[in-house]
Amino acid sequence: MDTNELIITSDGSHSILSSQFEVSYHSRHGAIGETQHVFINAGLLPKMHLAQIHVLGIGFGTGLNVMMSLLEAKKSESKFYYEAIEAFPISVQTADKINYAEQLQIEHDVYMRLHKSAWDETHELLPNFSFQKKLARFETFESDVLFDVIFFDAFAPSAQPELWDTQLLGKMYDLLKPDGVLTTYCAQGQFKRNLKAVGFTIEPLPGPPGKREMTRARK
C-alpha cells in the first residue's frame, strides 16, 4: 500500500510527502519552479550546445526532472540519453494523480509513460530522447556511460546521509565527463566541503524560491 501523501506546492504543482523519509520530494515553494531553476536552467541548458547530451538523475521520484528535460529535447536538435536511478519508486496509482501534465500543458499519457515503462530497459520517448530508469540504490549502480550532467535530486542529507558523503560523491565525480556538472538544490556547508574533497569546483548559485543558494559543482 502506498502511504505517501500528495501535496500542492506554492506554484500549483504537486509534490509528494514521503511517509518513509518524512520529507517532501520537491520544494513546497514550487515543484515545477524548483526543477526549472535547479536542474534545467543551471544544469541542462548550459549543455544544450552539445550534439549529444547524457544526463544522470540521482532519483527518479515523480519523474518531473525527466519530463521537463523531455520538453527541452523537443526544442533541440541534440540527442539526449537520460538515465535515472531510483530505489524507492512511487506507485503508478500515485503518479496518475499528479498534475504535471496539466501544469505543463502536455498529454497526461506522455507523463504516465515514464512511470509505466519497464525498469532497466531503454525507451525511445522521442527520436532524439532515450530514457532508462534503474531500480537500484546508487551504491550498487555501475555504468559504462560518462555523463555531461548529474541531477543530484536525492532527499536531503538529514534524510539520506549516505548519499552525501565523500565516497558516493567521488563516484559521481568519476561518472562525469571532463567539464561535466552536478546540480542540486542543496547548499549545505559540509556537503560543499565534501564536493571539494573529491575534486569538484564549486559554483554557488542563487537558489529557487524559498532558498537563498543552490550548488553547481564542475569536474
State, yes or no, whether a side-chain contact exists between [X] and [Y] at a heavy-atom distance under 4.5 Å.
| X | Y | value |
| --- | --- | --- |
| Leu176 | Leu146 | no |
| Asn194 | Trp164 | no |
| Lys74 | Leu126 | yes |
| Leu56 | Ile85 | yes |
| Tyr173 | Leu195 | no |
| Ile90 | Ile16 | yes |
| Phe147 | Tyr82 | no |
| Ile150 | Phe39 | no |

For the student: nearest non-hydrogen atoms of [X] and [Y], plus distance:
| X | Y | value |
| --- | --- | --- |
| Gly43 | Val149 | O-CG2, 3.5 Å |
| His14 | Ile98 | ND1-CA, 3.5 Å |
| Val55 | Leu44 | CG2-CD1, 4.0 Å |
| Leu168 | Glu162 | CD1-O, 3.3 Å |
| Ser78 | Ser76 | N-OG, 2.9 Å |
| Ser13 | Gly30 | OG-C, 4.3 Å |

[X] side chain to [Y] main-chain N or O, any donor-acceptor pair under 3.5 Å?
| X | Y | value |
| --- | --- | --- |
| Lys211 | Pro206 | no |
| Asn99 | Gly12 | yes |
| Lys219 | Pro178 | no |
| Thr35 | Leu64 | no |
| Asp148 | Gly180 | no |
| Asn128 | Glu77 | no |
| Arg216 | Ala42 | yes |
| Thr184 | Phe152 | yes |

Separation of [Y] [atom2] from [X] [atom1] (nearest 0.5 Å):
| X | Y | atom1 | atom2 | value |
| --- | --- | --- | --- | --- |
| Gln160 | Ser18 | CD | OG | 8.5 Å |
| Asn4 | Ser15 | CG | OG | 10.0 Å |
| Met67 | Glu72 | CE | CD | 11.0 Å |
| Leu205 | Thr183 | CG | OG1 | 9.0 Å |
| Lys97 | Thr94 | NZ | OG1 | 5.5 Å |
| Met214 | Ser27 | CE | OG | 13.0 Å |

Check your understanding: In terms of the angle between their ring planes, are His123 and Phe131 parallel, tilted or perpendicular, with boundaries placed at 30° and 60°?
Key ->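 Correct class here is tilted.
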Practice item. Can you label the angle between the Tyr111 ring and the His108 ring as parallel, tilted or perpendicular, going by 30° and 60°? Key: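 Aromatic pair Tyr111/His108 classed tilted.
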Point to revise | Any side-chain donor near an acceptor of the partner, Thr122 and Gln132, under 3.5 Å | key: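 Thr122 vs Gln132: donor-acceptor pair found between side chains.
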Review point. Side-chain donor-acceptor pair under 3.5 Å between Tyr81 and Glu83, yes or no?
Key: yes
Check your understanding: So, Glu203 and Lys192, do they make that salt bridge, N to O below 4.0 Å?
Key ->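 No, Glu203 and Lys192 are not salt-bridged.
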Point to revise | Presence of salt bridge, Glu86 and Lys134, under 4.0 angstrom | key: no
Practice item. Compute the centroid of each ring, for Phe155 and then for Tyr25, and state whether the two points are separated by less than 6.0 Å. Key: yes
Practice item. Tell me whether the centres of the aromatic rings in His26 and Tyr185 are closer together than 6.0 Å. Key: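 Distance test on ring centres: not under 6.0 Å, no.
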Review point. Is there a side-chain contact (heavy atoms from CB on, under 4.5 Å) between Ile202 and Thr215 once you walk through the steps?
Key: CA-CA 7 Å; Ile202 306 302; Thr215 302; 4.2 Å; yes
Point to revise | Stepwise ring pair (Phe, Tyr, Trp, His ring centres under 6.0 Å) check, His115 with Phe60 | key: CA-CA 10 Å; His115 291 276; Phe60 171 66; 5.2 Å; yes
Does [X], at its [atom1] atom, have more than 12 non-hydrogen atoms belonging to other residues, nucleotides or ligands within less than 6.0 Å?
| X | atom1 | answer |
| --- | --- | --- |
| Lys177 | NZ | yes |
| Lys171 | NZ | yes |
| Gln167 | CD | no |

**Study point:** Pair Phe138-Leu175, side-chain contact (heavy atoms from CB on, under 4.5 Å): steps then yes or no
**Key:** CA-CA 12 Å; Phe138 182 63; Leu175 285 166; 3.8 Å; yes
Review point. In terms of hydrophobic clusters joined by side-chain contacts under 4.5 Å, are Leu17 and Ile32 together?
Key: no
**Study point:** In one Ile/Leu/Val/Met/Phe/Trp/Tyr side-chain cluster, 4.5 Å: Met112, Leu135
**Key:**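 Looking at the clustering, Leu135 is in the same group as Met112.
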Exercise for review: Mind running salt bridge (Lys or Arg N to Asp or Glu O under 4.0 Å) on Asp179 and Lys47 for me, showing each step along the way?
Suggested key: CA-CA 10 Å; Asp179 203 41; Lys47 296 296 183 181; 3.7 Å; yes
Review point. Is it true that the NZ or CZ of Lys79 lies under 6.0 Å from the centre of Phe129's six-membered ring and within 45 degrees of the ring axis?
Key: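 So Lys79 doesn't make the cation-pi contact.
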